[in-house]
Amino acid sequence: MTVTKSEHKDNFISTNIRGIKLVFKWRKWLIPSIILSALFGSLSPYVTIYMSAEILNELAGAKNIQRLTFLVLFTVIANLLIVIIGRLFNKLKEYERQMFANDESRMFTEFGFNMDYEHLENPEIRKYRRKIDENKQMNLFGIWELLHSFQYVAEGIIQIILSVCFTSSLFVLIFMQSKDMFGAVIFPIAIVLLVALSIFISMKNSKKLSKLGDDITDTQVELNRLGGGILGEDDYHTGKYVRLYNMLIIFQKYREQSIKILTNGNKRYWFGWRNTQIPDQIISQGLNFTIYAFVCLNAVRGLFAIGGVIKYIGFISMLVNAFKGMSAHIALLKMNIPFLAHYLNFFEIENKMYQGTLPIEKCNDNEYEFEFHNVSLKYPGSERYVLKNLSMKLRIGQKLAVVGMNGSGKTTMIKLLCRMYDPSDGEITLNGIDVKKYDYDEYMSIFSVVFQDFKLFSFTLGQNVAASVDVDGQKAEKCLSMAGLSERLQSMPKGLETPLYKDFDDDGVEISGGEAQKIALARALYKDAPFIVLDEPTAALDPIAEFEVYSKFNEIVGGKTAIYISHRLSSCRFCDDIAVFHEGELIQRGSHDVLIADEGGKYYELWNAQAQYYNENNETGLSDRMIQ
C-alpha cells in the first residue's frame with residue numbers, strides 16, 4: 001500500500017483552511033484567542049500615537065490645562081485597559097496553545113490506536129509519521145508554523161485596517177484642499193510602489209532563506225535519527241551495551257559530525273541572511289524618506305497642525321510595516337504548504353478494513369468454530385504471497401500446535417485470524433459467517449494472544465496483567481500463579497502494586513526476559529477470552545520453567561480453543577493436533593504419531609533435525625520427559 005494524499009488540492013487557501021478546521025476541531029478557542037490577542041496587542045500603539053498628536057496640538061495651540069489633563073489621563077487609562085485585556089487574552093492564547101500541544105499528542109495516539117494494523121506495520125506510513133516529528137523538531141513546520149504565522153497575519157490585517165482608518169482623514173484633506181494634485185498623487189504612488197517592491201523582495205528572500213534552512217535541516221535528519229533513535233544514550237536499557245562495548249567512540253563521532261554540520265549550516269544561513277538585508281534596508285530607508293517628505297510637505301502647506309506630523313507619519317509607517325510583516329508571514333505560510341499538507345494527510349489516512357455490525361452470539365460453552373476458506377495474503381505493497389490457499393478448520397475446544405520454519409506463515413495466519421489483516425483472497429468464517437461482518441471490537445474481545453514480540457509497560461505488575469487501571473487482585477494473582485510467577489510475586493516489595501522497570505519510578509523492578517514472558521501469558525489468561533493464541537510463549541524460559549508451563553498447559557487453557565505456535569517440536573506433544581506450515585502453505589496436519597510416521601514429510605525432517613539436541617548431554621532428563 002502506498003500513502004496517498006488527500007483528495008484536496010494542496011493549494012494555499014484550501015490547505016490552510018483545512019489546517020484551521022483541524023485546529024478548531026481540537027481546540028475551538030485557540031484561533032479566536034489568537035485573533036483577540038492580536039487585536040489588543042495592536043491597539044495600544046495606535047492609541048498612543050493618536051493621543052500624542054492631540055496632546056501636541058493642544059500644547060502648540062490653546063494650552064488648556066483641563067483638556068491636557070483629560071487627554072493624558074485618557075491615554076494612560078485606555079492603554080492600561082488595553083494592556084490588561086490584552087494580557088488576559090494572551091494568557092488564554094498560551095493556555096490554548098499548551099492544551100493544543102497536549103491534544104496533538106493525544107490525537108496522534110488515538111489515531112494510531114484506531115488505525116488499521118496494516119498501516120502501523122507499513123514502513124511508508126511509519127516514515128510519514130516520523131517526517132512529521134522531524135519537521136516539528138527541526139523547523140516547526142506543519143501545524144505549528146500555521147499557528148505561528150496565522151498570529152502575525154492576523155496582526156497585520158488588524159493593523160492595516162486601523163492604519164487605513166486613521167490615515168483616511170489625511171487623504172480627504174489632501175484631495176479637498178490641495179492645489180498641487182500632482183504632488184498629492186505622486187508621493188502615495190511612490191509609497192505604494194516601494195511597499196510593493198519591498199514585499200516582493202521580502203517574499204523572495206523569505207523563500208530563499210526557508211529553502212536554505214530546509215536544506216540545512218535535511219542534512220541533520222539522519223544524524224538526529226542516529227543520536228535519538230539508535231544510540232539512545234539516555235535509555236538506561238541500552239546503557240550496559242554502551243559500556244560493555246565501549247561505544248563512546250560512536251557518540252563522539254556523532255557529536256563531531258553534528259557540530260561540523262551545524263557550524264557549516266549556521267555559516268551558510270548567516271551569509272545568506274546578510275546578503276538579503278542590504279536591498280531590504282535600502283528600500284526601507286527610501287520608504288522612510290518618502291513618508292517623511294510626503295507628510296512634512298503637506299504640513300508645511302498648512303493642511304494639518306503640528307501634531308498631525310506625528311500622527312500621520314506613525315500611521316503610514318505602521319501601515320507599511322503591517323504590509324511587509326504580513327507578506328513575510330504569508331510567504332512562510334506558502335512555504336509551509338507541503339509540510340502542512342503532509343501533516344493533514346496523515347490524519348486523513350482512511351481505514352480500509354471493513355467494520356462489521358453483527359453482534360457475536362454469546363456462547364456460554366465457548367462454542368466458537370473458525371474456518372479458513374482458501375485464504376491467501378499479500379502484505380500491502382508486496383506482490384509476494386506470504387500465505388497461499390490456506391483451508392483449515394479450528395474445532396471447538398481444540399488444542400492446535402502450529403510448527404514450521406521461520407517465514408513459513410505461522411504468525412501471518414494468526415494475524416489474519418485476529419483481523420489485523422484481511423485476506424487478499426478467500427474468507428475466514430466464525431460459526432459459518434464471514435468474520436468481516438462481525439462488530440470489530442466485539443470480535444477482538446474473543447481472543448487472548450501472546451505474540452513473540454509481546455510488550456510490557458512501565459506500569460504496575462497488576463496493571464500489566466489486567467491491561468487496565470482497575471485490577472481484580474485475586475484474579476491477577478491466580479493468573480500469575482498459573483503462568484508460574486507466584487514465587488516471584490511473593491518476593492516483590494509491593495506485590496501487584498510493584499512498578500515494572502525504572503522509567504517512571506525509582507522503586508521499579510527489573511524483570512528477566514523469562515519473567516516478562518510469564519507476565520504476558522498471565523495477561524492473556526486474565527482476559528479470559530474463549531480463544532487463546534500463544535506465539536512462542538516460552539522462547540525466553542529456561543528448560544525447567546518451559547516444562548512446568550507445558551506440563552500444566554491443559555490446566556491453564558482449560559476448555560478454551562487454543563493455538564500454540566513454536567519452533568520447538570518437543571513442546572507440541574501435548575497438543576492433539578499439529579499443523580505444519582512451509583513457505584506460506586499448510587502442507588501437513590495430524591497428531592504427532594501420524595506425522596512422525598510419514599518419513600518423507602516436513603514434520604519428520606524437522607523432528608529429527610531437532611531430536612539430536614534433545615538427547616545430547618541430557619543430564620536433567622527434562623528433554624526426555626518433554627518428548628515422551
Side-chain angles (χ1 to χ4, degrees), residues 1-2 116-126 352-354 369-395 398-430 434-436 443 447 449-454 531-537 539 561-572 575 577-592 594-596 598-610:
M1 194 203 82
T2 59
D116 282 352
Y117 184 79
E118 70 174 64
H119 293 329
L120 294 181
E121 283 199 330
N122 188 333
E124 193 174 350
I125 290 182
R126 292 204 301 272
K352 295 184 177 181
M353 186 169 287
Y354 180 74
E369 184 173 88
F370 288 91
E371 185 170 0
F372 287 75
H373 302 268
N374 202 31
V375 169
S376 299
L377 176 68
K378 291 187 294 187
Y379 281 122
S382 173
E383 294 300 319
R384 184 178 69 87
Y385 281 99
V386 292
L387 203 63
K388 294 175 286 187
N389 304 319
L390 174 61
S391 294
M392 63 183 296
K393 182 180 291 187
L394 305 178
R395 296 188 298 271
Q398 180 183 20
K399 309 296 187 295
L400 173 68
V402 180
V403 301
M405 301 174 67
N406 287 334
S408 61
K410 304 184 301 296
T411 300
T412 298
M413 184 266 288
I414 299 303
K415 289 180 179 179
L416 284 168
L417 183 66
C418 297
R419 284 211 70 198
M420 293 182 174
Y421 289 88
D422 282 334
S424 303
D425 303 295
E427 68 174 9
I428 305 170
T429 59
L430 167 59
D434 190 335
V435 295
K436 295 180 183 178
Y443 179 80
F447 293 98
V449 185
V450 181
F451 283 110
Q452 53 187 313
D453 57 347
F454 66 89
F531 202 101
I532 187 166
V533 180
L534 306 177
D535 187 357
E536 295 285 355
T561 303
I563 294 181
Y564 170 75
I565 299 175
S566 179
H567 289 93
R568 303 174 186 173
L569 272 64
S570 63
S571 60
C572 301
C575 291
D577 194 9
I578 300 172
V580 184
F581 281 73
H582 185 63
E583 296 183 350
E585 296 185 72
L586 175 63
I587 59 173
Q588 286 181 288
R589 187 171 181 181
S591 66
H592 169 76
V594 170
L595 295 175
I596 202 66
D598 182 3
E599 297 184 4
K602 191 68 179 178
Y603 186 84
Y604 180 89
E605 175 190 336
L606 294 172
W607 178 268
N608 282 281
Q610 295 182 16

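Here, residue 1 is the first one in the sequence, and each next residue gets the next number. The analysis underlying the following values was restricted to heavy atoms, covering all of them including side chains, and did not include hydrogens, waters or symmetry mates.
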Leu400 side chain near Arg589 side chain, heavy-atom distance below 4.5 Å: yes
task: Would you check if Tyr603 and Ile596 make a side-chain contact, meaning some heavy-atom pair closer than 4.5 Å?
output: yes
message: Would you say Tyr385 and Ser424 are linked by a side-chain donor-acceptor pair, where the criterion is simply a distance under 3.5 Å?
response: no
query: Can you name the closest pair of heavy atoms from Gly404 and Lys410 and give their distance?
result: O-NZ, 3.2 Å
task: Indicate the atoms forming the closest heavy-atom contact of Leu595 with Gln588, along with that distance.
output: CD2-CB, 3.8 Å
- prompt: Tyr421 and Thr412: side-chain hydrogen bond (donor to acceptor under 3.5 Å, both in side chains), yes or no, with the steps?
  reply: CA-CA 9 Å; Tyr421 289 88; Thr412 298; over 6 Å; no
field: Met405 side chain near Lys602 side chain, heavy-atom distance below 4.5 Å
entry: yes
message: Can you give me the closest heavy-atom contact between Asn608 and Tyr604, atom names plus distance?
response: ND2-O, 2.8 Å
message: Rounded to the nearest 0.5 Å, what separates atom CD in Glu371 from atom CG in Leu390?
response: 10.5 Å
Distance, nearest 0.5 Å, that separates CD1 of Ile578 from OG of Ser591: 7.0 Å
- request: Calculate, to the nearest 0.5 Å, the distance between atoms CG and OH belonging to Leu387 and Tyr379 respectively.
  value: 8.5 Å
message: Can you confirm whether Leu586 sits close enough to Phe372 that some side-chain heavy atom of one is under 4.5 Å from a side-chain heavy atom of the other?
response: no
query: Rounded to the nearest 0.5 Å, how far does CD of Gln398 lie from CG of Asp577?
result: 4.5 Å
query: Under 4.5 Å between any side-chain heavy atoms of Ile428 and Leu416, yes or no?
result: yes
- prompt: Any side-chain heavy atom of Thr429 within less than 4.5 Å of one from Glu427?
  reply: yes
query: Does the side chain of Ile563 reach to within under 4.5 Å of the side chain of Leu417, using non-hydrogen atoms?
result: yes
query: NZ of Lys378 to CZ of Arg384: how many Å apart, nearest 0.5 Å?
result: 11.5 Å
message: Walk me through whether Leu430 and Tyr443 qualify under side chain to side chain contact (heavy atoms under 4.5 Å, CB included).
response: CA-CA 10 Å; Leu430 167 59; Tyr443 179 80; 4.2 Å; yes
query: Do the side chains of Phe531 and Leu394 get nearer than 4.5 Å, heavy atoms only?
result: yes
query: Quick check, are the ring centers of Tyr117 and Phe451 under 6.0 angstrom apart?
result: no
